Amino acid sequence: MTEKNFIPSEYSNEISEGKVTYKSPSNIALVKYWGKKENQIPANPSISFTLNACATTTSISYKKLASKTSNFSFDLLFEGKLKEDFKPKIEIFLNRIEKYLPFLKDFHFTIETSNSFPHSSGIASSASGMSALALCLMAIEQELNPEMKDDFFNKKASFLARLGSGSASRSIEGDLIQWGNHTDTDGSSDLYGIKYPYEVHPIFKNYHDTILLVDKGQKQVSSTVGHDLMHNHPFAKNRFDQAHENLTKLITVFSKGNLKSFIEIVESEALTLHAMMMTSLPYFVLMKPNTLEIINKIWAFRESSNTNVCFTLDAGANVHVLYPDSEKDEVFQFIKNELVAYCENGQYLCDRIGFGAKKM
Ligand code: DP6
């Protein structure tokens, strides 16, 4: 498939007004996307667990205009209130995708969006937000073209979401999604995320992710700035090669259920992501003292308990604690007893692996 496959020919149906709603989840990368080329093409492939509880719900009400407009016509409400300051980001997104959705200037849209997690939690909402928006727009396109097949719908939704935010391409389906060309993964593409196509051991079903909110403040480095830091980064080539190698290693790990190797890859990926930020120019340290306290506690507990709890990080101080369903009681007790004390106001979110976005 190429970009051209996503440019539609004439629509078979006419529509005048209506409303569509999608609830779309966040995701947590196991092999990280960090660095991109032009047009939101990733510098390396990545894979993520789709989450379940952390999600964005978006509705779009659409009304046909008397004639095509020169600018996009839309209102944006976040958690029930008009949000002018969110509009420029949406406008950029609409500009990027107009070629693939030629009806965008034929309608007035009222976009209403809300998150299941607190806005000030330090949790990035771009994956769930952009995927929910892409899905709503695809639902409108499907009304214009009712013959569209589900497989194409999902691929194009992921393709459009990617143009909003790279990681959003991994939030359409579940439960394990890979995005980016990888020679050892059949069907993988830089253009959209695919369901991981090989065998997955049952130990990975129902995996838990408890998100410890260490620092709820504004992100110190936006992901756009962060990805840019990989241009001319002294370790970029090795890092991109390593992501390919880790994905290859994961194929055996997923099929055999080898948690020791899983932990090694996932924790190394998290620390490498932060190492890239610490060794770029300008450099950043996004972990906080409590991030390190939590990591050390997890290592000590894993050693003493013989459980398979591990951590991953996104581009911030919060810690995602990952563990299999069979160990949930013991690990959750440990989190409550020993880790919650390091969270800002004792706040954390309980999530687990999920199965993708839902039409409401
Ligand atoms: C560290 O998807 O937020 O979470 O494409 O610029 O919107 P943009 O970046 P974004 O980057 C996510 C980076 C990450 C790793 C990951 O999710 O793979």
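Numbering of ligands and ligand atoms starts at 1, following listing order. One is the number of the first residue; the rest follow in order along the sequence. Just so it is clear, the values below take in all heavy atoms, side chains as well, and ignore hydrogens, waters and symmetry mates. Everything numeric here is computed off the predicted structure, so don't read it as measured data.
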Per-atom contacts of ligand 1 with [X], taking only distances under 4.0 Å to non-hydrogen atoms:
{"X": "S126", "answer": "3 (O)"}
{"X": "G166", "answer": "2 (O), 5 (O), 7 (O), 8 (P)"}
{"X": "K36", "answer": "5 (O), 6 (O), 8 (P)"}
{"X": "S223", "answer": "3 (O), 6 (O), 7 (O), 8 (P), 9 (O), 10 (P), 11 (O)"}
{"X": "S167", "answer": "2 (O), 3 (O), 10 (P), 17 (O)"}

Problem - Candidate list I298, I294, T210, test side chain to side chain contact (heavy atoms under 4.5 Å, CB included), partner I335, passing option - result: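 Testing I335 for a side chain to side chain contact (heavy atoms under 4.5 Å, CB included) against I298, I294, T210 leaves exactly one candidate, T210.
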Exercise for the section: Report yes if the distance between the aromatic ring centroids of Y196 and F254 is under 6.0 Å, otherwise no. Expected result: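 Yes.
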Exercise for the section: Check whether the ring centres of F262 and Y207 lie less than 6.0 Å apart, and answer yes or no. Expected result: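 Yes, close enough.
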Problem - Polar contact flag for Y33 and ligand 1 (N/O pairs, less than 3.5 Å) - result: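 By distance alone, the answer is yes.
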Handout entry: Polar proximity ligand 1 side, S46 side, N/O cut 3.5 Å exclusive
Key =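 Between S46 and ligand 1, no N or O pair is found under 3.5 Å apart.
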Practice task
Look at the rings of F159 and F6 and say which category their plane angle falls in: under 30° parallel, 30 to 60° tilted, over 60° perpendicular.
Solution key: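 Ring orientation of F159 relative to F6: parallel.
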Exercise for the section: Return the orientation label for the F109 and F103 ring planes: parallel under 30°, perpendicular over 60°, tilted otherwise. Expected result: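 Answer is perpendicular, since the angle exceeds 60°.
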Exercise for the section: Give the residue and atom name of whichever protein heavy atom lies nearest to atom 4 (O) of ligand 1, and the separation in Å to one decimal. Expected result: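 The protein heavy atom lying closest is D314 CB, 4.2 Å.
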Problem - A29 and ligand 1 - part of the residue with a heavy-atom distance under 4.0 Å - result: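 Within the 4.0 Å criterion, A29 contacts ligand 1 through side-chain atoms alone.
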Problem - Mode of S165 contact toward ligand 1 - side chain, backbone, both, neither (heavy atoms, under 4.0 Å) - result: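 It is both parts that get close, each with some atom under 4.0 Å.
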Handout entry: From the candidates H227, R162, R170, Q40, the one that places a heavy atom nearest atom 16 (C) of ligand 1
Key =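 Ranked by closest heavy atom to atom 16 (C) of ligand 1, first place is R170.
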Problem - Nearest-option assignment for atom 1 (C) of ligand 1, heavy atoms, candidates I47, L273, D228 - result: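 Result: the heavy atom closest to atom 1 (C) of ligand 1 is in L273.
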Exercise for the section: May I ask you to establish whether K89 and F86 are in a cation-pi arrangement, using a distance under 6.0 Å from NZ or CZ to the six-membered ring centre and at most 45° from the ring axis? Expected result: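 Because its charged atom misses either the 6.0 Å distance or the 45° angle limit, K89 does not stack over F86.
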Exercise for the section: Establish whether Y323 and W299 are linked, either directly or via other cluster members, by ILVMFWY side-chain heavy-atom contacts under 4.5 Å. Expected result: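 Y323 clusters together with W299.
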Problem - T312 side-chain N/O to L30 backbone N/O, donor-acceptor pair under 3.5 Å - result: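 Checking the backbone N and O of L30 against the side chain of T312, no donor-acceptor pair under 3.5 Å is found.
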